[in-house]
Amino acid sequence: MNPLLKKILARVLKENSTRLSLIILVFWAIIACLPALFPELKEISIDLPQTRRPPVFSWHEPLGWFGYDSVGSSVLLQMIGGARVSLLVGISVVMVSALVGSTLGAAAGYWGGWVDQCVSRVMELLLAFPPLVLPIALAAVLGGGVFNTIAALCLGGWIGSAKVVRGQFRSLRNREFVIAAKALGASETRIIIYHLLPMTLSPLLIHTIFSLAGTILAEAGLSFLGLGLGDGSVSWGTLLNEARSYLLESPHLAIFPAAAILSLVVSLNFIGESLRQVLDKRAASVELD
Amino acid sequence: MTRAWIAFFARLAFVTFGVVTLVFYLQRLIPGSPADAVLGPDALQSDKLRWLAANGLDKPIFEQYIDYITKLFQGDLGRKLVDGRPIAPLLVERFFATLKLASCSFVFSLLLALLLGIYGAIRAGSRVDKFLSVLSLLMISAPTFITGTLFLWIFAVWLDIFPLTGGNGLSSLILPTVTLGSALAALTSRMLRGSLLEVFHEDYIRTAFSKGLSKYQVYTRHALRNAVLPALTILGLQLSSLLGGSVITEQVFTWPGLGSLMIEAVNQRDYNLVSACVVVLAFVHVCLAAVIDVVQQLFDPRVGVE
């Protein structure tokens with residue numbers, strides 16, 4: 001393994017909180033993969049006599065560990081399916097956003113001029129909408145569904161990474177090593193890919209981890225409002241939305257999805273925070289004081 | 001300076017204009033004719049055409065766009081699709097509800113953040129500080145639909161101190177205020193703590209101490225004033241997101257604000273009302289961002305108009 005990478009990993013994993021967060025993250029990633037490996041987990045049956053039965057702790061009935069929902073389906077099975085959808089939406093949005101955002105941000109930061117003007121104006125326009133308002137409006141217009149939710153969240157999602165990359169490129173493009181590379185006859189693509197991009201990777205990575213947490217929350221929020229998926233697919237947000245009507249009688253419907261969302265988002269934020277402290281020298285120096 | 005102000009207002013005008021254009025074309029993305037949404041899919045074709053003509057929707061799209069913009073500039077936000085009532089008075093009423101909740105949460109979060117931020121900075125590294133830092137990371141991560149639901153469950157259902165729904169005067173204001181305010185304070189207090197710690201190492205703090213000023217004087221007059229600046233941007237962003245982004249909190253507490261109006265409109269498929277809400281929310285957001293820019297310059301002369 002790359003020695004630098006090893007050093008960073010060692011420093012990040014020094015904290016107990018980060019180690020725990022990583023374990024939680026891996027746990028949810030494995031859970032999210034389960035339905036693909038065991039198709040029988042996808043078969044969520046409706047069993048009306050079981051309607052909103054509270055959790056039972058018995059080895060003979062693993063499906064009842066988390067109780068049953070309003071049509072008598074196992075909450076445990078729905079949580080597993082929900083992990084898959086929540087992570088799928090979060091990761092797709094973050095990946096598309098990082099790709100689009102860093103491309104546009106790199107172009108704007110490197111060339112400046114009219115390219116920068118165009119990208120910045122578009123960002124300014126999209127930032128005029130308060131958070132979640134544009135996704136809500138889009139969800140209203142396009143209707144629900146996994147793909148539409150991803151599209152609605154991507155629309156504003158790329159701005160963050162574009163800002164990070166643009167700022168980094170702007171501050172780096174006139175530094176000595178870039179001028180040296182230019183003097184040696186390096187092409188623009190070479191300068192961007194081999195000289196500038198590696199320098200933006202760590203802020204981009206940190207941003208991406210935080211924005212994964214934010215996207216998972218945004219999807220859960222949209223689904224909570226009943227505007228997210230709505231095509232029969234279940235995410236932790238839709239489970240919470242459903243639980244809202246039975247808060248008085250059946251709190252178990254709300255507790256498990258809420259705990260799942262919280263555990264995933266908190267651990268992502270912990271990992272992002274410790275990475276930031278290791279990679280971002282300015283933050284690290286403040287922390288040392 | 002005049003040129004800077006012209007550029008500033010030009011940007012404001014550009015963004016407002018862009019938002020209106022975007023919202024107009026977003027409405028046209030709706031599959032099917034708007035007549036279907038209002039009259040139902042089974043309406044007669046002749047009725048649909050008459051309805052379209054009556055609402056000016058049979059004209060070419062660019063003319064519709066011009067109509068839309070001229071109406072907006074006259075302050076006419078259109079009529080609801082569902083019952084044909086004018087939108088503007090409804091929006092004003094809901095806006096004041098949102099404003100009430102937003103201002104209360106903002107003040108609450110500011111007080112809490114000042115308290116926790118200053119305490120965390122002065123006692124940096126102590127056990128309480130570590131506890132506060134974990135707690136604030138938890139609160140930053142926790143969405144209001146989870147904390148709000150939790151508060152509702154504890155205080156409205158279990159302890160039965162506060163009402164379950166909004167609009168019952170002062171008592172129904174407390175839970176949403178605490179929910180929104182503590183979420184914001186989590187971030188601001190951390191920011192404030194960080195910048196206070198940075199400021200504590202500056203020369204002018206040492207000078208202030210060596211002049212013989214008391215701790216209280218140094219912290220409030222010298223440290224806080226400089227440390228507040230970086231937090232000011234965050235505060236501004238938070239205020240504008242409070243006015244526009246508290247959709248979920250309003251929904252959890254059934255607070256009759258702009259956000260829950262928008263959700264109602266979405267659920268009723270009233271596209272006129274949805275787009276009016278979006279335009280107003282964005283306009284408020286943009287204006288606030290502009291005000292924050294100005295305030296920031298007043299506080300810190302080093303930040304000039306670009």
Side-chain angles (χ1 to χ4, degrees), chain A residues 17 120-122 124-143 210 213-214 216-218 220-227 237 240-241 243-244 247-249 251 254-255 257-259 261-270 272-273 282-283 285-287 289, chain B residues 11 14-19 21-23 26-31 124-125 134 137-138 140-146 149-150 152-153 157 164 194-195 197-198 200-201 240-248 251-252 259 262-263 265-267 269 271 274-275 277-278 281-286 289:
Chain A
S17 56
S120 300
R121 289 298 89 83
V122 173
E124 211 170 19
L125 189 58
L126 290 175
L127 282 176
F129 296 93
L132 268 193
V133 165
L134 206 53
I136 289 172
L138 260 189
V141 168
L142 298 175
F210 283 127
I216 288 170
L217 283 186
L222 270 185
S223 303
F224 178 77
L225 293 172
L227 297 171
L240 262 185
N241 178 33
R244 210 149 60 107
L247 209 57
L248 300 175
E249 316 96 67
I255 288 172
I261 293 172
L262 216 54
S263 70
L264 183 58
V265 172
V266 169
S267 40
L268 276 171
N269 280 342
F270 262 113
E273 188 59 36
R282 213 180 129 258
S285 69
V286 171
E287 218 45 50
D289 283 339
Chain B
R11 247 175 62 190
F14 161 77
V15 173
T16 315
F17 192 70
V19 164
T21 310
L22 203 67
V23 170
L26 204 65
Q27 274 180 297
R28 307 299 130 185
L29 271 181
I30 301 162
V134 173
L137 201 65
L138 247 161
I140 291 170
S141 312
T144 52
F145 54 87
I146 289 182
T149 313
L150 189 70
L152 265 185
W153 197 46
V157 177
L164 258 174
S195 50
L197 281 180
E198 255 178 283
F200 281 170
H201 290 267
S240 52
S241 79
L242 270 178
L243 281 173
S246 48
V247 184
I248 291 177
Q251 197 71 3
V252 170
M262 185 160 114
I263 302 299
V266 169
N267 288 335
R269 307 213 151 272
Y271 299 115
V274 175
S275 51
C277 285
V278 175
L281 284 174
F283 184 67
V284 171
H285 199 234
V286 168

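Residue numbers start from 1 in every chain, and the chains themselves are labelled A, B, ... in the order their sequence lines are given, proteins ahead of strands.
With a 4.5 Å cut-off on non-hydrogen atoms, Ala213(A) does not touch chain B at all. Heavy atoms closer than 4.5 Å to chain A are found nowhere in Val284(B), neither backbone nor side chain. With a 4.5 angstrom heavy-atom cutoff, Leu22(B) touches chain A only via side-chain atoms. Residue Ala220(A) touches chain B through both its backbone and its side chain, counting heavy-atom pairs closer than 4.5 Å. Neither the backbone nor the side chain of Leu268(A) has a heavy atom closer than 4.5 Å to any heavy atom of chain B.
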> Run the side chain to side chain contact (heavy atoms under 4.5 Å, CB included) check on Val266(A) and Leu137(B) step by step: do they pass?
Replying inline: CA-CA 7 Å; Val266(A) 169; Leu137(B) 201 65; 5.5 Å; no
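For chain A, the option among Val274(B), Leu138(B), Ile146(B), Leu150(B) with the highest count of heavy-atom pairs below 4.5 Å is Ile146(B). Considering only heavy-atom pairs separated by less than 4.5 Å from chain B, the leading option among Ala137(A), Gly221(A), Gly237(A) is Gly221(A).
Residue Phe200(B) places its CZ atom among more than 12 non-hydrogen atoms of other residues, nucleotides or ligands, all under 6.0 Å distant.
Minimum heavy-atom separation, Val19(B) to Ala128(A): CG2-CB, 3.7 Å. The two atoms that bring Pro143(B) and Leu262(A) nearest to each other are CD-CD1, 4.1 Å, heavy atoms only. What you find for Gln251(B) and Leu225(A) is that their closest heavy atoms are CG-CD2, 3.6 Å. Listed here is the closest heavy atom pair of Asn269(A) and Ser141(B): ND2-OG, 2.7 Å.
For Phe145(B), the ring pair (Phe, Tyr, Trp, His ring centres under 6.0 Å) partners two or more places apart in sequence, or in a different chain, are Phe224(A). Every residue was checked against the ring pair (Phe, Tyr, Trp, His ring centres under 6.0 Å) condition with Phe210(A), not counting sequence neighbours, and none meets it.
Note: Leu217(A) CG to Thr144(B) OG1 = 9.5 Å, rounded to the nearest 0.5 Å. Going from atom CG of Leu281(B) over to atom CG of Leu132(A) covers 11.5 Å, rounded to the nearest 0.5 Å. Here Ile136(A) contributes atom CD1 and Ile263(B) contributes atom CD1; the two are 4.0 Å apart, rounded to the nearest 0.5 Å.
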